[in-house]
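Working notes, structure below.
Computation of the quantities below employed the complete heavy-atom set of this structure, encompassing side-chain atoms and omitting hydrogens, waters and symmetry-equivalent molecules. For ligands, and for the atoms within them, numbers begin at 1 and follow the listed sequence.
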Amino acid sequence: MRVLVVGGGGREHALCWRLSQNPAVDRLFAAPGNAGMAEVATLVPIAAADVGAIAEFAERESIDLTVVGPEVPLVAGLADELEARGLPVFGPTAEAARLEGSKSWARSLCERHGIPVPRSGAFQEVEPAVRYLRELSPPFVIKADGLAAGKGVVVAADRDAATTALEASLVQGAFGRAGRTVLVEEYLEGREVSALAITDGRHVAPFAMARDYKRALDGDEGPNTGGMGAYSPVDFVDRPTERRIVEGILRATVAALEAEGIRYRGVVYAGLMLTDDGPKVLEFNARFGDPETQVLMPRLRANLGELLLACLEGNLSHYRLAWAPEACVGVVLASSGYPGSSRTGMAISGLEAAAAMESVEVFHSGTVARNGRVVTAGGRVLTVTALGSDLPQARERAYEACDVIGFDGKTYRTDIATGPAQGEP
Ligand code: AMP
Ligand code: GLY
């Protein structure tokens with residue numbers, strides 16, 4: 001089997017790592033990949049967003065399975081382009097990827113089908129949006145409708161701040177086309193959890209629950225980032241809550257899409273707030289999460305390549321995903337300055353020593369090989385993961401491995417997965 005993974009982050013490295021363990025995968029390509037993926041895959045210098053060039057490559061190389069990591073090529077129609085050429089692809093079409101590509105579209109889908117969401121309204125003009133604020137109490141949440149690389153959400157403390165955020169998006173165009181429509185929504189209190197499932201459009205294979213850390217600094221301070229760490233399983237999600245999430249949200253969403261005539265194949269990812277009133281959907285993603293994938297893949301007890309193919313063939317009903325009982329903790333090592341601009345090109349030491357540590361896997365994000373050395377090439381550089389018999393052991397192992405790795409400007413959160421052991425947040 002010839003497999004192409006599209007993307008070049010930690011998520012794609014974790015996917016490649018699992019796929020490469022499958023003896024049926026005899027060729028594995030990654031576009032564009034990174035220095036870590038080069039150890040298990042052949043790198044192809046094509047940007048993930050270059051839909052036409054990726055489709056041409058897949059056709060030329062007779063790729064049996066393309067796995068699309070990031071949202072941008074999905075929303076731009078990479079799956080449609082591959083399907084039009086008769087090439088199997090894991091990931092939704094552009095129409096189906098609206099689940100992530102338009103928050104207002106996803107929100108109204110939920111409302112039509114009784115899937116729990118915060119109260120919200122969608123607006124294209126400032127005045128009615130400001131008027132709608134009267135129906136909610138502060139703080140207010142203002143969201144750009146389209147893809148904004150995780151930067152399109154503002155929590156506004158009061159009416160003035162909300163008005164400023166609305167004007168930034170709708171008048172000043174802070175998020176470009178993505179912000180021409182905004183959602184104004186009720187602020188929810190609770191703990192966040194990421195619920196992922198694979199679906200063939202009808203059957204749903206839920207993943208183990210995961211939690212990610214979006215803020216840059218310890219104690220959930222500082223700006224939002226692409227994710228600074230993750231862990232799985234999530235000890236504060238009990239069995240009844242998990243069942244409610246799987247049935248009332250994941251399965252219900254796939255059923256809603258099917259009922260509306262939209263064929264959805266790939267990952268459905270619901271970002272949830274666990275409120276006193278039950279779990280509610282903050283957002284959907286149409287792909288694997290990053291860094292959730294880095295802590296889920298080490299726990300997955302299944303052949304990933306077979307699983308993805310079963311999904312494409314509509315045979316997911318035969319699959320029950322099993323997860324290792326061990327916990328997995330992932331800590332992101334970033335370049336100083338991230339999520340703002342950061343210096344790159346710093347040599348990274350200790351990668352081999354870290355990878356040799358017990359139960360440790362190091363997944364690369366922003367890395368590149370230069371003159372035989374691995375150097376930094378982005379804000380998020382590595383996700384250092386470790387399995388352990390429980391979260392404290394996994395955490396201890398992951399942080400020990402973080403200490404062994406060095407590069408100029410290395411920064412990371414020191415509190416990943418500390419919350420649950422201490423009972424807080
Ligand atoms: P999203 O991209 O929609 O997941 O939003 C990014 C982050 O903003 C979430 O992970 C939450 O921490 C926060 N957030 C989004 N919507 C809400 C909401 N309605 N209430 C409280 N926090 C929210
Ligand atoms: N971990 C959040 C995301 O992948 O969007």
(request) For this output row, return yes or no: ring centroids of Tyr269 and Phe288 closer than 6.0 angstrom. (result) no
(message) What protein heavy atom lies closest to atom 5 (O) of ligand 2? Include the residue and the distance to one decimal.
(response) Arg287 NH2, 2.9 Å
(request) Taking the six-membered ring for Trp and the single ring otherwise, decide whether the centroids of Phe57 and Phe29 are under 6.0 Å apart. (result) yes
(message) If I apply the N/O under 3.5 Å rule, does Asp290 come out as touching ligand 2?
(response) yes
(message) Suppose we measure from atom 5 (O) of ligand 1 to each protein heavy atom; which comes out shortest, and what is that distance?
(response) Val153 CG2, 3.4 Å
(message) Please classify the Lys103 to ligand 1 contact at 4.0 Å (heavy-atom distances, strictly less than): side chain, backbone, both or neither.
(response) side chain
(request) Answer yes if the side chains of Gln294 and Thr385 hold a donor-acceptor pair under 3.5 Å, and no otherwise. (result) no
(request) Below 4.0 angstrom from a heavy atom of Asp212, which ligand 2 atoms are there? Numbered from 1 as shown, please. (result) 1 (N), 2 (C)
(message) Counting only heavy atoms closer than 4.0 Å, does ligand 1 sit against the backbone of Leu282, its side chain, both, or neither?
(response) both
(message) Tell me if a side-chain donor or acceptor on Thr293 pairs with a main-chain N or O of Asp290 at a distance below 3.5 Å.
(response) no
(request) In plain terms, say whether Arg263 and Glu83 are close enough for a salt bridge, that is, a side-chain N and a carboxylate O under 4.0 Å apart. (result) yes
(request) Report yes if some N/O of Leu188 lies less than 3.5 Å from some N/O of ligand 1; otherwise report no. (result) yes
(request) Can you sort out which atoms of ligand 1 are near Tyr187, meaning under 4.0 Å from one of its heavy atoms? (result) 20 (N), 21 (C), 22 (N)
(message) Using heavy atoms and a 4.0 Å limit, tell me yes or no: is Glu189 in contact with ligand 1?
(response) no
(message) Using a 4.0 Å cutoff against the non-hydrogen atoms of Lys214, which atoms of ligand 1 qualify?
(response) 10 (O)
(request) Cation-pi check, Arg211 to Tyr213: give yes when NZ or CZ is under 6.0 Å from the six-membered ring centre and within 45° of the ring axis, no otherwise. (result) yes
(message) Closer than 4.0 Å to some heavy atom of Gly289 - which atoms of ligand 2 meet that?
(response) 4 (O)
(message) Strictly less than 4.0 Å: does any protein heavy-atom distance to atom 13 (C) of ligand 1 fall in that range?
(response) no
(request) Run down the list Arg119, Met273, Glu283, Glu185 and name the one with the heavy atom closest to atom 4 (O) of ligand 1. (result) Glu283
(message) Which of the numbered atoms in ligand 1 are under 4.0 angstrom from any heavy atom belonging to Lys143?
(response) 3 (O), 15 (C), 16 (N)
(message) Checking contacts here: is it the side chain or the backbone of Glu292 that comes within 4.0 Å of ligand 2, counting heavy atoms only? Could be both or neither.
(response) side chain
(message) I'd like to check atom 7 (C) of ligand 1 in this structure: does the protein have a heavy atom lying under 4.0 Å from it?
(response) no
(message) Check contact between Phe288 and ligand 2, using heavy atoms of the residue and a distance below 4.0 angstrom.
(response) no
(message) I'd like to know if Arg397 and Glu358 make a salt bridge, using a cut-off of under 4.0 Å between side-chain N and carboxylate O.
(response) yes
(message) Strictly below 4.0 Å, N to O, side chains only: are Arg131 and Glu127 in salt-bridge contact?
(response) yes
(message) Any carboxylate oxygen within less than 4.0 angstrom of a Lys/Arg side-chain nitrogen, looking at Glu292 and Arg11?
(response) no
(message) I need the contact type for Glu100 against ligand 2. Using non-hydrogen atoms and a strict under-4.0 Å cut-off, is it side chain, backbone, both or neither?
(response) neither
(message) Can you tell whether the side chains of Lys103 and Glu185 come within less than 4.0 Å, N to carboxylate O?
(response) no
(message) So does Ser104 get a backbone contact from the side chain of Lys143, meaning a donor-acceptor N/O pair under 3.5 Å?
(response) no
(message) Looking at Phe236, I'd like to know if the NZ or CZ of Arg191 sits under 6.0 Å from its six-membered ring centre while staying within 45 degrees of the ring's axis.
(response) yes
(request) Among all protein heavy atoms, pick out the one at the shortest distance from atom 10 (O) of ligand 1; state its residue, atom name and that distance to 0.1 Å. (result) Glu192 OE1, 2.6 Å
